[in-house]
Amino acid sequence: MSSKDCGHHDRDKARHHLILTIIAVFIALFLFVVFLVWIILLPTKPRFVLQEATVYVFNVSTTDPSTLTTSMQITVASKNRMGKVGIYYQKLDVYATYRSQQVTMPTVLPSTYQDHKEIAVWSPFLYGNTIPVAPGLMMALEQDLNVGSVLLNIRLNGCVKWQVGTWISGKYDLNVNCPAYIKFGGFNPDGGITVGPVMKFETVVQGCSVDV
């Protein structure tokens, strides 16, 4: 092999080494950016608080089949605790459940953008007209009647996106559960259970569990 061939071989080797170095640098930069985004987005959960719940109607029919009619208004607030990340709330449905059974129809909340450290407040009405209830619900309701209050759960389900600068993430599922203890009356002589005419939420501010 001539000295010329050896020089050509050395140049090819150096070129390959340079290409590998450039690729390694790009990979390192990409992983560093991913790491920074991961660090920024790690504490992503917003804080939800149930501020108020007013029950106008909560009537259970004792005739077979049992049905439940509910009318209420709730006020729920969300705080974005992050200082560099904005939150897009999309397709948020809010409804009430009793003993894991849905007792109102979903109410759709408007899409909302929440800036850094900002608080968003919604005050939707929730309605459920003659909703069929499970057979065991009446027994549970009688037990709650003896205690003097009923536990409703206000739930919000939907999607959120995160925004860092001009970058917007994909959709993440959002599930919020807010317990609300409502004091109520006893059985009516005409065969129903009535809460009303208006019952306020027992606690002024109640924290909610949030899953993202």
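For the pairing with Asn177, the side chain to side chain donor-acceptor pair (under 3.5 Å) check across Asn153, Asn157, Thr97 returns one residue only, Asn153. None of Val55, Ile154, Leu152 except one satisfies the side chain to side chain contact (heavy atoms under 4.5 Å, CB included) rule with Ile74; the exception is Ile154.
Lys117 is linked by a side-chain contact (heavy atoms from CB on, under 4.5 Å) to nothing, counting only residues two or more places apart in sequence or in another chain. The side-chain contact (heavy atoms from CB on, under 4.5 Å) check on Asn80 picks up Met82, Ile87, Gln114, with sequence neighbours excluded. Residues satisfying the side-chain contact (heavy atoms from CB on, under 4.5 Å) test with Leu20, not counting sequence neighbours, are none. Under the side-chain contact (heavy atoms from CB on, under 4.5 Å) criterion, Asn129 pairs with Thr69, sequence neighbours left out.
A pairwise comparison of heavy atoms in Ser123 and Gln73 identifies O-NE2, 3.4 Å as the closest pair. Tyr172 and Gly170 get closest at one heavy-atom pair: CD1-O, 3.3 Å. Smallest separation of non-hydrogen atoms from Met72 and Ala96: SD-CB, 4.1 Å.
Within the 4.5 Å cutoff, side-chain heavy atoms of Cys159 are placed close to those of Asp173. By the 4.5 Å heavy-atom criterion applied to side chains, Leu68 and Gln101 are not counted as neighbours. Side-chain contact between Val103 and Ile131 is absent, with no heavy atoms from C-beta onward closer than 4.5 Å. At least one side-chain heavy atom of Lys45 sits less than 4.5 Å from a side-chain heavy atom of Asp211. Counting heavy atoms from C-beta outward, Val94 and Val76 have side chains that stay 4.5 Å or more apart. Side chains of Val150 and Tyr98 form a contact here, defined as non-hydrogen atoms less than 4.5 Å apart.
A distance of 11.5 Å separates CZ in Arg155 from OG1 in Thr104, rounded to the nearest 0.5 Å. In this structure, CG in Leu92 is found 12.0 Å from OG1 in Thr107, a value given to the nearest 0.5 Å. Separating the OG1 atom in Thr70 from the CG atom in Asn59 is a distance of 8.0 Å, to the nearest 0.5 Å. Rounded to the nearest 0.5 Å, atoms CG (Leu174) and CD (Gln90) are 11.5 Å apart. A distance of 9.5 Å separates CG in Leu156 from CG in Leu50, rounded to the nearest 0.5 Å. Taken to the nearest 0.5 Å, the CZ atom of Phe26 stands 13.5 Å off from the CG atom of Leu31.
Counting only residues at least two apart or on different chains, the ring-ring contact (aromatic ring centres under 6.0 Å, His included) pairs with a member in residues 117-141 are Tyr89-Trp122.
Side-chain N or O atoms of Thr112 include one that pairs as donor or acceptor with a backbone N or O of Pro110 at under 3.5 Å. Judged purely by atom type and a 3.5 angstrom limit, Ser66 has no side-chain atom pairing as donor or acceptor with the backbone of Val133. Judged by distance alone, with hydrogens and angles left aside, the side-chain atoms of Ser71 form no donor-acceptor pair with the main-chain N or O of Tyr56 at under 3.5 Å.
Hydrophobic cluster membership for Tyr88: Tyr113, Ile168 (Ile, Leu, Val, Met, Phe, Trp, Tyr linked by side-chain heavy atoms under 4.5 Å, directly or transitively).
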